[in-house]
Amino acid sequence: MTQKIIKKTEETVLTVKENRGVTYLSFPILEDTGLVSHAFSTRLGGVSKGDFATMNFSFTRGDDRDDVLENYRRMAAALGVDRERMVLTWQTHTTNVRRVTEEDEGKGIVRDRDYRDVDGLITDIPGITLVTFFADCVPLYFLDPVHKAIGLSHSGWRGTVKRMGQGTVDAMKEAFGTRPEDIIACIGPSICGDCYEVGEEVADEFADAFHEKYHDVILLKKQNGKYQLDLWKANEIVLKEAGIKGDYLAVTNICTYCNPQLLFSHRRTAERRGNLCAFLSLKEK
């Protein structure tokens, strides 16, 4: 990889991996468990062209379907997982979480999805890869190493203000008996607080949803009447209030908007872009 990554801090929260020509980002805190295969994709290593170049995973933005399928094949090969066992969300900024079983394998890639309005996925079945889509919104990764279960969620500002992280933890509790204090969680690459300007209506929703002591942490009012919103910090608060320990939580320092050569950003290019993906699966023994 020739592009330099712009990071908000010098801390190594994520590492750059390259395998079989595919460049992706990885969390050492997850990798060190030896229990999962995971990635946050970059724009590098695929076959898509034009505004989608080169590693786009969206079938719905106008890209060539065969190119997108080839991108999934390449990512699956890089991670050592089965493309036909991947399961995709159908994201509409909800807090709905679906438990994925063998019956869901391949849905969204080689089979039609018989669900929609699903922004989070959980499973305890090794070999199934959960997949969620991003271009500034926040990816949330969850691993319960005790019950051998995982979760992967999409949390934009709507999901964050409605506490998608808490909802995913609750779904894992109900499905697998997960205890929050056992979870290893990661907040993935997304738009940073310095780059994310929102209006008063959005700021008011966050002010209503978060304790007053956090308002100055997640919201910065500007002279133009707008606000800078820190989704990283907001999701960190949500996850810690859900019971996840600080030592078990990794928070990204890589911003999608700050790295246009490496990552897609809706705020930077609007509709002229592809989609990044988060991938997470339990390794098979």
Side-chain angles (χ1 to χ4, degrees), residues 8 40 89-98 115-122 130 132-142 151-174 180 183 185-222 224-246 249-258 263-268 270 275-278:
K8 307 301 290 189
F40 187 79
T89 44
W90 188 315
Q91 294 168 198
T92 51
H93 297 279
T94 69
T95 55
N96 299 329
V97 179
R98 179 180 179 88
Y115 52 84
R116 60 175 300 152
D117 303 323
V118 170
D119 285 72
L121 302 170
I122 60 172
L130 309 180
T132 49
F133 299 92
F134 302 93
D136 280 338
C137 292
V138 182
L140 301 175
Y141 297 72
F142 302 85
L152 190 62
S153 292
H154 160 259
S155 187
W157 78 258
R158 293 177 182 84
T160 301
V161 84
K162 294 176 182 175
R163 297 180 178 264
M164 180 50 150
Q166 175 77 64
T168 311
V169 171
D170 290 344
M172 292 179 70
K173 278 188 202 174
E174 182 177 349
I183 292 175
C186 300
I187 296 170
S190 41
I191 195 165
C192 72
D194 294 332
C195 296
Y196 192 37
E197 184 182 82
V198 299
E200 191 169 359
E201 288 185 7
V202 173
D204 286 346
E205 288 204 42
F206 276 83
D208 290 341
F210 287 80
H211 192 282
E212 187 177 354
K213 67 183 178 182
Y214 296 127
H215 291 181
D216 290 343
V217 177
I218 61 177
L219 291 166
L220 174 65
K221 189 167 186 178
K222 303 174 68 178
N224 65 1
K226 302 279 190 177
Y227 292 80
Q228 297 300 135
L229 173 59
D230 190 339
L231 290 176
W232 298 353
K233 182 58 69 174
N235 276 283
E236 181 180 352
I237 292 165
V238 169
L239 294 181
K240 286 182 176 177
E241 288 186 345
I244 292 172
K245 295 179 179 178
L249 177 59
V251 182
T252 184
N253 57 358
I254 296 176
C255 168
T256 44
Y257 189 93
C258 290
L263 304 169
F264 293 116
S265 167
H266 183 78
R267 272 293 170 108
R268 185 175 282 279
N275 268 351
L276 306 164
C277 274

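All values reported here derive from a predicted model rather than from experimental measurement.
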- Task: Write down the atom of His93, the atom of Cys137, and the distance for their closest heavy-atom approach.
- Result: CE1-SG, 4.0 Å
- Message: Checking Ser265 against Asp136: is there a side-chain donor and acceptor pair closer than 3.5 Å?
- Response: yes
- Task: Would you verify whether the NZ or CZ of Arg268 falls within 45 degrees of the ring axis of Tyr257 while also being under 6.0 Å from that six-membered ring's centre?
- Result: yes
- Task: Measure the spacing between OG of Ser155 and CZ of Phe134 and express it to the nearest 0.5 Å.
- Result: 8.5 Å
- Note on the structure: Interatomic distance, CG@Asn96 vs OH@Tyr115, rounded to 0.5 Å, equals 12.5 Å
- side-chain contact (heavy atoms from CB on, under 4.5 Å) against Asp230, all qualifying residues, sequence neighbours excluded: Trp232, Lys233
- Query: In chain order, what residues pass the side chain to side chain donor-acceptor pair (under 3.5 Å) check against Thr132, with sequence neighbours excluded?
  - Reply: none
- On a heavy-atom basis, the closest approach of Tyr141 and Gly188 is CE1-CA, 4.4 Å
- Message: Run the salt bridge (Lys or Arg N to Asp or Glu O under 4.0 Å) test against Asp194 and tell me which residues pass, sequence neighbours left out.
- Response: Lys8
- Item | Least distance between heavy atoms, Val169 atom then Pro180 atom | CG1-CG, 4.0 Å
- Sequence neighbours excluded, which residues qualify as side chain to side chain donor-acceptor pair (under 3.5 Å) partners of Thr168? Ser153
- Note on the structure: With sequence neighbours left out, the residues meeting salt bridge (Lys or Arg N to Asp or Glu O under 4.0 Å) with Asp204 are none
- Message: Nearest 0.5 Å, please: how far is OG1 in Thr160 from NE2 in His154?
- Response: 8.5 Å
- What pairs with Lys173 under salt bridge (Lys or Arg N to Asp or Glu O under 4.0 Å), at least two apart in sequence or on another chain? Asp170
- Thr89: which of Leu152, Leu130, Leu121 passes side-chain contact (heavy atoms from CB on, under 4.5 Å): Leu121
- Query: Roughly how far apart are Leu249 CG and Leu140 CG, rounded to 0.5 Å?
  - Reply: 9.5 Å
- Task: Compare every heavy atom of Lys226 with every heavy atom of Gly199, then report the nearest pair and how far apart it is.
- Result: CA-CD, 4.1 Å
- Got Leu263 and Leu276 here, is their nearest side-chain heavy-atom distance under 4.5 Å? yes
- Message: Do Thr94 and Asp117 pair up side chain to side chain, a donor and an acceptor below 3.5 Å, judged on atom types alone?
- Response: no
- Mind checking what makes side-chain contact (heavy atoms from CB on, under 4.5 Å) contact with Arg116, not counting sequence neighbours? Trp90, Thr92
- Message: Can a donor-acceptor pair be found, under 3.5 Å and without considering hydrogens, that links the side chain of Thr252 to the backbone of Ile254?
- Response: yes
- Please name all residues satisfying side chain to side chain donor-acceptor pair (under 3.5 Å) with Thr95, sequence neighbours left out, ordered by chain then number. none
- Message: Rounded at 0.5 Å granularity, tell me how far CZ in Phe206 sits from CH2 in Trp157.
- Response: 7.0 Å
- Going by the salt bridge (Lys or Arg N to Asp or Glu O under 4.0 Å) test, which pairs reach into residues 152-161, not counting sequence neighbours? none
Let me check something: any side-chain donor-acceptor pairs from residues 238-246 under 3.5 Å, sequence neighbours excluded? List them with distances.
residue: Lys240; atom: NZ; partner: Glu236; partner atom: OE2; Å: 2.9
residue: Glu241; atom: OE1; partner: Arg163; partner atom: NH1; Å: 2.9

- Item | Residue pair Asn275 / Phe264, side-chain heavy-atom distance below 4.5 Å | no
- Item | Flag for Thr256-Ser190: side-chain donor and acceptor within less than 3.5 Å | no
Please report, to 0.1 Å, the donor-acceptor pairs under 3.5 Å made by any side chain of residues 210-222, with sequence neighbours excluded.
residue: His211; atom: ND1; partner: Lys213; partner atom: N; Å: 3.0
residue: His215; atom: NE2; partner: Ala207; partner atom: O; Å: 2.9
residue: His215; atom: NE2; partner: Phe210; partner atom: O; Å: 2.9
residue: Lys222; atom: NZ; partner: Glu197; partner atom: OE2; Å: 2.7
residue: Lys222; atom: NZ; partner: Gln228; partner atom: OE1; Å: 2.9

- Task: May I ask you to decide if Phe133's main-chain N or O and Gln91's side chain share a donor-acceptor pair within less than 3.5 Å?
- Result: yes
